[in-house]
Number of protein chains: 2
Amino acid sequence: MDVKTLCLGALQLGDATGYEIKKMFEDGLFSHLHQASFGSIYPALARLEHEGLAISIPVAQEGRPDKKVYRLTAKGHEALVEALQSPPMPDRQRSDFLFILAFGHLLPPTRLRTIIEARIAWYRACIGRMESCDLSRHPPSVRLVNGLGLAVYRAAVEYLEMNLDAAVADEQPAQPFVAE
Amino acid sequence: MDVKTLCLGALQLGDATGYEIKKMFEDGLFSHLHQASFGSIYPALARLEHEGLAISIPVAQEGRPDKKVYRLTAKGHEALVEALQSPPMPDRQRSDFLFILAFGHLLPPTRLRTIIEARIAWYRACIGRMESCDLSRHPPSVRLVNGLGLAVYRAAVEYLEMNLDAAVADEQPAQPFVAE
DNA sequence: GGTTGCATGTAAATGGTTACATGATTGT
DNA sequence: ACAATCATGTAACCATTTACATGCAACC
C-alpha cells in the first residue's frame with residue numbers, strides 16, 4: 001500500500017491539503033496505522049492530480065502563502081475502492097522500544113525503569129490524542145479502527161504498569177552486597 | 001535501528017545462523033517487534049564478522065551444505081549495549097489491514113466480515129506462535145516483551161470479536177427492501 | 001531573537017525488499 | 001512430481017526518509 005493509496009483514503013474522508021494529510025499520519029486518524037512524510041505525500045498528490053484521481057483547488061490565505069486543497073474525483077474514489085479489494089500486505093511493525101526492552105537485562109535497572117515509564121507516558125499521550133479526535137463526522141468503520149487502536153494501547157499500558165516493578169526487580173544484577 | 005543491531009541482539013540470545021535469525025523475525029521471539037529479510041541479514045552478519053563484532057563457526061552437516069553459526073564477541077556485546085543506550089526511534093507501524101478496515105464503509109458488508117474474521121484468525125495464530133515460544137532459557141526481559149505482545153494481540157481479538165457484528169451491521173448500505 | 005506552526009516542494013541518500021542463483025533432503 | 005525446509009549469498013530495484021530551500025506569522 002503506497003502513499004498514493006494512503007492519500008486517496010485521506011481525501012475520501014474529506015478535502016485536505018498535503019500539510020493536513022501529513023498531520024493525519026502524525027497526530028490524527030491515521031497515526032496508528034501508517035505513516036508518511038512530506039517528501040512522499042507531496043509527490044503522491046501531484047501524481048494523483050496528474051492521473052485525474054484528485055483535483056487541487058488553490059485557496060488564498062491572508063498573510064500566508066496559498067494552499068492547495070485536494071479533492072477526490074469519482075475516478076479517484078473508484079481507484080480507492082479497487083485498491084481496498086487487493087489483499088493487504090502483512091503488517092509491518094518496527095519498534096526500537098520493544099527491541100531495547102527485550103534486552104533490559106543488559107541495562108542498569110534504573111534506566112530500564114525510566115524507559116518503561118517513558119513508554120507508558122507515550123502510550124497515554126497517544127490515547128489522549130486518539131480520544132480527542134473528532135469522529136462524529138466520520139463513518140463507523142473509522143470509529144472501529146480508532147477504537148481498536150485505543151483498546152490495544154490501553155492493554156499495553158495496563159500490562160506495563162502491572163509488570164513494571166517485577167520487571168525492574170528481576171533485572172537486578174546478581175551482585176551480592178559487599179560489607180564496607 | 002538497523003539490521004546489524006538487530007542481529008547483534010539475536011546473537012546475544014544465543015549462537016545462530018542467518019537462517020535461524022530470519023526465523024526469529026518470522027515466527028519467533030522478534031516477530032512482533034521488527035522484521036528483516038535474508039537480503040539484509042546475510043550482509044549484516046558478514047559486516048558484523050568483518051568488524052570483529054561476531055565470529056562465524058562453520059558447521060558441517062550430513063547431506064546438507066555447511067552452515068555458519070555466528071557467535072557474538074565481547075566487542076559485539078559492547079556494541080549492542082551501546083546501541084541499546086541511544087534513544088529509540090519512534091515506532092513505525094504500517095498496517096494495510098487497519099487502513100482497509102477504516103474504509104469498511106466502501107466495501108460490501110459480507111466482504112468486511114470476512115476481512116475482520118480473517119484478521120481475528122491471524123491474531124490467534126500469532127498468539128499461538130508466541131505462546132509456544134520456549135522462553136525458559138531467556139532472560140525475564142524477553143518474557144516481558146513476549147507478554148506485552150500477547151496482551152496486545154489478545155486485546156485486539158477481544159475488541160474485534162465484541163464489535164464485529166455491530167461493525168458489519170452499521171455498514172449495511174442504506175438500500176431499502178424492495179417488495180418482489 | 002528563537003522556536004513553533006503553517007505551507008509547498010525537490011534531490012540525494014538510504015536502507016531494505018524482491019528476485020535470482022544453487023542444491024540436497026524430506027514429506028505429500 | 002512437487003512443495004517445503006534447510007542453507008547462503010548477490011544485485012537490481014524501489015519507496016521513503018532526510019535534508020535542504022523558502023517564507024511569513026504568532027508566541028515566548
Side-chain angles (χ1 to χ4, degrees), chain A residues 1-8 10 15-28 30 33-50 54 56-70 83 89-96 99 129, chain B residues 1-7 10-11 15-28 30 33-50 54-70 83 88-96 99 129:
Chain A
M1 201 141 282
D2 56 18
V3 179
K4 242 174 66 189
T5 312
L6 262 19
C7 288
L8 243 25
D15 298 352
T17 65
Y19 191 85
E20 284 163 350
I21 292 174
K22 171 76 193 317
K23 277 207 317 192
M24 288 178 73
F25 286 104
E26 226 169 50
D27 297 319
F30 286 0
L33 40 106
H34 258 281
Q35 47 270 112
S37 60
F38 287 130
S40 54
I41 291 170
Y42 284 121
L45 288 171
R47 285 189 58 193
L48 247 29
E49 186 168 30
H50 182 251
S56 72
I57 304 145
V59 173
Q61 292 184 121
E62 331 154 19
R64 289 250 176 70
D66 283 14
K67 60 179 178 180
K68 281 163 112 173
V69 176
Y70 284 88
M89 296 229 71
D91 282 27
R92 187 153 292 177
Q93 165 136 37
R94 32 191 57 199
S95 172
D96 286 5
F99 180 78
R129 265 189 273 115
Chain B
M1 199 141 282
D2 55 19
V3 178
K4 242 173 69 189
T5 311
L6 261 19
C7 288
L11 295 177
D15 299 351
T17 65
Y19 190 84
E20 284 163 350
I21 292 175
K22 172 77 191 320
K23 276 207 318 192
M24 288 178 74
F25 286 103
E26 227 169 50
D27 297 318
F30 287 0
L33 38 107
H34 257 280
Q35 48 269 111
S37 59
F38 287 129
S40 54
I41 290 171
Y42 284 120
L45 288 171
R47 285 189 57 193
L48 248 29
E49 186 168 30
H50 182 251
I55 52 162
S56 72
I57 303 144
V59 173
Q61 291 184 119
E62 332 153 18
R64 290 249 175 71
D66 283 13
K67 60 180 179 179
K68 281 162 111 174
V69 176
Y70 285 87
M89 298 231 70
D91 282 27
R92 188 151 291 179
Q93 166 136 35
R94 31 192 57 201
S95 172
D96 286 5
F99 180 78
R129 265 189 274 114

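Heavy-atom basis, side chains included; hydrogens, waters and symmetry copies ignored. Within every chain, numbering begins at 1; the chains are lettered A, B, ... in the order of the sequence lines, protein sequences first and strands thereafter.
- Here the straight-line distance linking atom CG of A:D96 with atom CG of B:D2 works out to 9.5 Å at 0.5 Å rounding.
- Closest contact between the side chain of A:V3 and the listed nucleotides C:dT10, D:dT17, D:dT16 involves D:dT16.
- Rounded to whole Å, the distance from CD1 on A:I41 to P on C:dT10 is 14 Å.
- A:A46 comes within 4.0 angstrom of nothing in the nucleic acid, heavy atoms only.
- With rounding to whole Å, B:D2 atom CG is found 11 Å from C:dG16 atom C1'.
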- Query: Where do A:I21 and A:Y70 land on the side-chain contact (heavy atoms from CB on, under 4.5 Å) test, with the steps shown first?
  - Reply: CA-CA 10 Å; A:I21 292 174; A:Y70 284 88; 5.7 Å; no
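- To the nearest angstrom, P of D:dA4 lies 16 Å from NZ of B:K23.
- Summarising the geometry, the separation between CD on B:E26 and C1' on C:dT17 is reported as 13 Å, rounded to the nearest angstrom.
- The nucleotide whose nearest atom lies closest to any side-chain atom of B:Y19 is, among D:dT17, C:dT17, D:dT5, D:dT5.
- Separating the CG atom in B:L33 from the CZ atom in A:R94 is a distance of 11.0 Å, to the nearest 0.5 Å.
- Counting to the nearest Å, the P atom of C:dT14 and the CZ atom of B:R47 are 11 Å from each other.
- The nearest heavy atom of DNA chain C to A:P43 and to A:K67 marks one nucleotide each, and the one closer to the 5' end goes with A:K67.
- Contact annotation: B:K68 side-chain N/O to D:dG9 OP1/OP2 distance is under 4.0 Å.
- Listed nucleotides D:dT17, C:dT8, D:dC6 differ in distance to A:Y42; the shortest reach to its side chain belongs to C:dT8.
- An OP1 or OP2 oxygen of D:dT17 is reached within less than 4.0 angstrom by a side-chain nitrogen or oxygen of A:S40.
- Close to D:dC6, at under 4.0 Å from its OP1 or OP2, lies no side-chain N or O of B:T17.
- Rounded to whole Å, atom C1' of D:dT10 lies 14 Å from atom CZ of B:F38.
- For D:dT17, the OP1/OP2 oxygens have a side-chain nitrogen or oxygen of B:R94 closer than 4.0 Å.
- Among the protein residues, A:G39 comes within range of the nucleic acid bases, having at least one heavy atom under 4.0 Å from a base atom.
- Distance, A:D96 CG to D:dT17 P: 15 Å, rounded to whole Å.
- Look at B:S37 and you won't find any side-chain N or O under 4.0 angstrom from OP1 or OP2 of C:dG16.
- Atom CD1 in A:I41 sits 11.5 Å away from atom CG in A:L48 (nearest 0.5 Å).
- Distance check, rounded to the nearest 0.5 Å: NZ of B:K22 to CD of B:Q35 gives 10.5 Å.
- Under the ring-ring contact (aromatic ring centres under 6.0 Å, His included) criterion, B:F99 pairs with A:F30, B:F103, sequence neighbours left out.
- When each of B:M89 and B:G18 is assigned the nucleotide of DNA chain D bearing its nearest heavy atom, the one mapping closer to the 5' terminus is B:G18.
- The phosphate of D:dA7 (OP1 or OP2) has a side-chain N or O of B:Q61 nearer than 4.0 angstrom.
- In this structure, CD of A:Q93 is placed 16 Å from P of C:dG16, rounded to the nearest angstrom.
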